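What follows is a set of notes on a single structure, which appears directly below.
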Amino acid sequence: MYIENLFKREFFINRNALNLAVNLLGHLLIHQTKQGTLIGKIVETEAYLSDDPASHSVIGKTKRNAPMFERGGIAYIYFTYGMHYCFNIVSGNKNMGEAVLIRAIEPIKGIEIMRKNRRKQDIKILTNGPAKLTQAFGINKKYNYHKLNKRPLFIAKNHYKIPKKQIIQTTRIGIKKGTQLPYRFYIKGNSFVSKK
DNA sequence: CGTAAGATGAAG
DNA sequence: TTCATCTTACGG
């Protein structure tokens, strides 16, 4: 059903991270697993640009951030704080060094599987944070470099378009550098947006 | 090598 | 506010 609505590779390549961060809001992250299909609506994103002090890419290409320098449309997944995975979508063309961090998602389908993966019951805390949603969706380093226009992990179009008025642009959270830059976007009033 | 920081989350 | 926990990048 959602499979024919998946975004093509060009969608991610033909724009920079700021543009992609805005344009991902409201669309769907889908993971087809053995246990069942997981679907969530993207409700919060952060852009990390090439000349951005907070971006992993600012130091140049390293083994960890190398996916950011590939053509857009692949996943950049990194492990942090000894236990968490964060999921990014690379934007722009090769060697741009930009990506969008998916910070929060609204669970749509496969909620029981998400509860199991998270070992938490309350739907409100299943996916309202970058490392929470990767745990809920079973996303880990095996999907680093994965093309997001292919199953089993992909982005699909939601035909309902978010009104421009409902998109809030503000500063990013959880970082020490570049805190003044307004590179965070979220859907106004959505109760699955992460908290500071 | 040694080490410090980290785009976090959960508990107290 | 503290801590769990470990990879990564960088300096010696």
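Here is the naming used below: chain letters follow the sequence lines, and residue numbers restart at 1 for every chain. Please read all numbers here as calculations on a predicted model, not as lab measurements.
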Q | Distance test, side-chain N/O of A:R119 to OP1/OP2 of B:dA10, below 4.0 Å | A | no

From OH of A:Y78 across to C1' of C:dA9 the rounded distance in Å is 15 Å

Walking DNA chain C from its 5' end, the first of A:N65 and A:T80 to be reached, judged by nearest nucleotide, is A:T80

Whole-Å distance, A:R118 CZ to B:dT8 P, equals 14 Å

Between CG of A:L101 and C1' of B:dA7 the distance, given in whole Å, is 5 Å

Find out whether A:R103 and A:I173 are in side-chain contact, i.e. whether some heavy atom of one side chain is under 4.5 Å from a heavy atom of the other.
-> yes

CD of A:E106 to CG of A:L126, rounded to nearest 0.5 Å, is 12.0 Å

* Asked: Can you list the steps and then say if A:T45 with A:V22 is a side-chain contact (heavy atoms from CB on, under 4.5 Å)?
  -> CA-CA 8 Å; A:T45 58; A:V22 177; over 6 Å; no

So what does A:A131 touch, heavy atoms closer than 4.0 Å: a base, only the sugar-phosphate, or nothing? sugar-phosphate

In Watson-Crick or G-U wobble terms, with both distances under 3.5 Å, the base opposite C:dT2 is B:dA10

When rounded to whole Å, the CD1 to P distance for the pair A:I173 and B:dT8 reads 8 Å

Phosphate contact (C:dT5 OP1 or OP2) by A:H84 side-chain N/O below 4.0 Å: no

Winner on side-chain proximity to A:I59, out of C:dC10, B:dA7, B:dA10, is C:dC10

Among the nucleotides B:dA10, B:dG6, C:dA9, whichever has the atom closest to the side chain of A:K63 is C:dA9

Quick one: is A:R64 getting a side-chain N or O under 4.0 Å of the C:dC10 phosphate, OP1 or OP2?
no

**Request:** Answer yes or no: does a side-chain N or O of A:T62 lie under 4.0 Å from OP1 or OP2 of C:dA9?
**Result:** yes

Mark this stacking check for A:Y48 against B:dA7 as yes or no, applying ring centres under 5.5 Å and ring planes under 30°. yes

N/O donor-acceptor pair, side chain A:Y81 with base C:dA4, under 3.5 angstrom
no

Sorted by position of nearest nucleotide on DNA chain B, 5' first, the leading residue of A:P130 and A:K176 is A:K176

Can you label the angle between the A:Y78 ring and the A:Y76 ring as parallel, tilted or perpendicular, going by 30° and 60°?
-> tilted

Look at all strands and tell whether A:K195 reaches a base, only sugar-phosphate, or nothing, counting heavy atoms closer than 4.0 Å. nothing

Below 4.5 Å, heavy atoms only, C-beta onward: do A:F69 and A:S50 meet side chain to side chain? no

In whole angstroms, the gap separating P of B:dT8 from CZ of A:R184 amounts to 11 Å

Here the distance between atom P of C:dT7 and atom CD1 of A:I77, to the nearest Å, is 16 Å

Rounded to whole Å, the CG-P distance (A:D122 to B:dG9) equals 15 Å

Distance only, no hydrogens: is a donor on one side chain within 3.5 Å (strictly under) of an acceptor on the other, for A:N128 and A:K124? no

Separation of C:dT8 atom P from A:M83 atom CE, nearest Å, is 16 Å

Classify A:R103 by what it touches in the nucleic acid, base, sugar-phosphate, or nothing, heavy-atom distance under 4.0 Å. sugar-phosphate

